[in-house]
Visitor: 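Sharing a structure with you now.
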Protein chains: 4
Amino acid sequence: MAKTSNKKELILTSAYRVFKENGLEDTRVSQIVKEAGIAQGTFYLYYNSKMDVLPDLAQQIISNYTQYLEEHGDIEAGLDYNLRLAIDRIFEANQEDRTIPSIVYAGITRSGDIDKWDLIYRPLYDLVANYLEAAKKNGEIGTDISANYYSEFIISLIESTARGLILFQQSPEEIEKYKEELSSFILNAVYWTPVKVI
Amino acid sequence: MAKTSNKKELILTSAYRVFKENGLEDTRVSQIVKEAGIAQGTFYLYYNSKMDVLPDLAQQIISNYTQYLEEHGDIEAGLDYNLRLAIDRIFEANQEDRTIPSIVYAGITRSGDIDKWDLIYRPLYDLVANYLEAAKKNGEIGTDISANYYSEFIISLIESTARGLILFQQSPEEIEKYKEELSSFILNAVYWTPVKVI
Amino acid sequence: MAKTSNKKELILTSAYRVFKENGLEDTRVSQIVKEAGIAQGTFYLYYNSKMDVLPDLAQQIISNYTQYLEEHGDIEAGLDYNLRLAIDRIFEANQEDRTIPSIVYAGITRSGDIDKWDLIYRPLYDLVANYLEAAKKNGEIGTDISANYYSEFIISLIESTARGLILFQQSPEEIEKYKEELSSFILNAVYWTPVKVI
Amino acid sequence: MAKTSNKKELILTSAYRVFKENGLEDTRVSQIVKEAGIAQGTFYLYYNSKMDVLPDLAQQIISNYTQYLEEHGDIEAGLDYNLRLAIDRIFEANQEDRTIPSIVYAGITRSGDIDKWDLIYRPLYDLVANYLEAAKKNGEIGTDISANYYSEFIISLIESTARGLILFQQSPEEIEKYKEELSSFILNAVYWTPVKVI
DNA sequence: AATGAATGAGGCTTCATTCAT
DNA sequence: GATGAATGAAGCCTCATTCAT
């Protein structure tokens, strides 16, 4: 028991695969259900349209970032390390699945209630804000920066840059360069100075 | 002179209005031509699909930014002034027309050739890069920052923040606060210090 | 005793309500069962389709007429009195529930076997025929009229006139006028003359 | 020119045929367009649904009655003659096309505006009312009957009786008997007496 | 170049019906 | 008998696109 109807799970997994394969516009509900191995009508028991699953997918994607950073981040390792971790992860995810920006973008835009977005991004924002607070205490960064606002800026910037690189189809070398510059841009923004290891 | 087929102009104007009204997905070619007062078939003389007009609209939107900054910006007035000008303008435009992010996003994403994006954004990037270079010379900002990369980051960040505020439907006060923080974030990122007026 | 499956009762009551609310075409089995508070599958234990309940509803409706006339009619009171009773009742019912004509119409049309109609209407026809026979004996009406045929005509006429008034959405005054004229039309048809009270 | 788009005509003709063949419920738009030899989408240029064509068909049917009576009726021939003509015609039409009652019934019920019904039936009502007025002048019938109300009753009665006979699937003999009785019922209702031929 | 009636492919969605529990 | 999640057939209807005028 507690199966809690795994149909929704199936739909989500399948939808993600199909969206990734065909893009948002060219995805058909019929493909999603075929991949999921369920009946066409079953889809509509859980979602009203293919676009209706996007918020759920967006949540998964962003949650993955958060989860990754929670697992691999190390507050002791310094802000630059953790920032680089975030950049690498987000760039990598976008590289691997070029439809991520569209899913997240559309998922949020279409999500009727605004709270949904907050719900999706809040954990990630909080995580980054925590890093910033720790760095403040640590003396790594300026104490007058606003962790809440800056965490949003940082995430936004990483995401939009990652998206841009995909659109531009930059070379691996160029991507590496962007990472460097982006990292420095953000660290500058928070007055970062290398933590002194005594 | 340059009648340049005012039909295309009509389509563009009409499409913008309809997209703004109904959103990208729910816009129909039939609505665009109705608003434009032209025949259904005429549309296809100029564009292949409704999405095909998005790059042109995106170009208009971004060009407006550039144009505005060229007209109102003042390289003598210091980077902070010009930055604030850009922030104000972009925020305002997004506030007034909440469909701008989608148009630009989709316009660029769907634009077959990547060069199109560069074509659209290059003048704006260059403009900001010029400000940065001037500020470097001016001693306002650090000389080791890369104007080319940073200009992209700056524009991206302003745009994505503006979009976020719309989705969140923030209050005017909150928006003002965001502008302040965003401005400081960016100025920090370039090591900005107030220019000394002697 | 005779619990006779109160589920069927529930379905009938619910179906009537939903038909009345949404009309025959726009009624869904899912709505009926929801209103009835029973499971979707339960419906099919008693009826094969939503249309399948119509004959039962029609029977209820027509039975109500018969029952009312049996209770309130008075064979001593003269044909005109009882006729007026029938007109009032049928008009009133149609006024109150504008979907009656459709239910009866469709209920009968779709009722596979023709005998069903007879089954539904026979008691009412017989009742009216009895009135006519009594009036014949009474000298109220001509003796050469055929009670069987005329009773059908009378009921048909009252029902179709009632329906027409609903479609036309006549005013209460106009409805009253119709009743008068209809009454006189029918009484004429049977050569009615006021019964002489000595 | 002045083709005035014969597509609508095609749809109407085809729809009638298909409705007659399959009944209202079991008719598919796809069948109508196939019979009409037009594209599926073309149908929706003229009607919103299959039910949407019913008012137009109802109008045709009722107009046919009127037209027939105008052509074959003879005001000089006495009310009984013309009444019988109407009965014969309406019975015959219903016999030949058993879907007529449903078309007319549904066509009128669904016709959004009430005026439509009046528009459809008015000419027929007026025609019968004219017969009644002529008969009044002629001394054939009572002068105190209301031509307007009675004409509606007469048409209603003929139509509903014709419909009933179809549902009952009466034998030709029985139908003939009904005609006789119906005719006498109506003539009684108007106090008809044979016109004296001197 | 402009028109707009006509096209028709095909995705969407419903909803009656089933059946394992 | 009762349940209701799941089914999937199939009709609806849109809407981009065409093409004769």
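Note that the coordinates shown come from a computational prediction; the quantities given were computed from them, not determined experimentally. Residue numbers start from 1 in every chain, and the chains themselves are labelled A, B, ... in the order their sequence lines are given, proteins ahead of strands.
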Visitor: Of all the nucleotides listed (E:dT7, F:dG11, E:dG4), which has the minimum atom distance to the side chain of D:Ala39?
Guide: E:dT7
Visitor: Please list, for nucleotides 17-21 of chain F, all pairs of protein and nucleotide N/O atoms separated by less than 3.5 Å.
Guide:
unit_1 : atom_1 : unit_2  : atom_2 : d
F:dT17 : OP2    : B:Asn48 : O      : 2.8
F:dT17 : O4     : B:Gln40 : NE2    : 3.4

Visitor: What is the nucleic acid contact for A:Leu45, judged by heavy atoms within less than 4.0 Å: base, sugar-phosphate only, or nothing?
Guide: base
Visitor: Would you say D:Tyr46 places a side-chain N or O within less than 4.0 Å of OP1 or OP2 belonging to E:dA6?
Guide: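 For E:dA6, OP1/OP2 do have a side-chain N/O of D:Tyr46 under 4.0 Å.
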Visitor: Does the A:Thr109 side chain pair with the main chain of A:Tyr105, one donor and one acceptor, at a distance under 3.5 Å?
Guide: yes
Visitor: Which pairs, with at least one residue in residues 10-22 of chain C and sequence neighbours excluded, count as a salt bridge (charged side-chain N to carboxylate O under 4.0 Å, His left out)?
Guide: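 Matches after skipping sequence neighbours: C:Arg17-C:Glu35, C:Lys20-C:Glu96.
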Visitor: Using a heavy-atom distance cut-off of less than 4.0 Å, which residues of residues 15-22 of chain A contact DNA chain F?
Guide: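 Hits under 4.0 Å, by residue number: none.
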Visitor: Counting only pairs under 3.5 Å, give me each side-chain donor-acceptor contact of residues 49-56 of chain B, with atom names and distances, residues two or more places apart or in other chains.
Guide:
unit_1  : atom_1 : unit_2  : atom_2 : d
B:Ser49 : OG     : B:Met51 : N      : 3.2
B:Ser49 : OG     : B:Asp52 : N      : 3.3
B:Lys50 : NZ     : B:Leu24 : O      : 3.3
B:Lys50 : NZ     : B:Glu25 : O      : 3.2
B:Lys50 : NZ     : B:Thr27 : O      : 2.9
B:Asp52 : OD2    : B:Asn48 : N      : 3.1
B:Asp56 : OD2    : B:Tyr47 : OH     : 2.6

Visitor: How does DNA chain E read in dot-bracket, base by base from 5' to 3', with Watson-Crick or G-U pairs under 3.5 Å and | used when the partner is on another strand?
Guide: .||||||||||||||||||||
Visitor: Do C:Ile11 and C:Ile38 have side chains that get closer than 4.5 Å, going by heavy atoms?
Guide: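 C:Ile11 vs C:Ile38: side chains touch.
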Visitor: Which is more 5' along DNA chain E, the nucleotide nearest C:Ser30 or the one nearest D:Phe43? Just name the residue.
Guide: D:Phe43
Visitor: Restricting to ring-ring contact (aromatic ring centres under 6.0 Å, His included), what partner residues turn up for C:Phe168, sequence neighbours left out?
Guide: D:Trp117
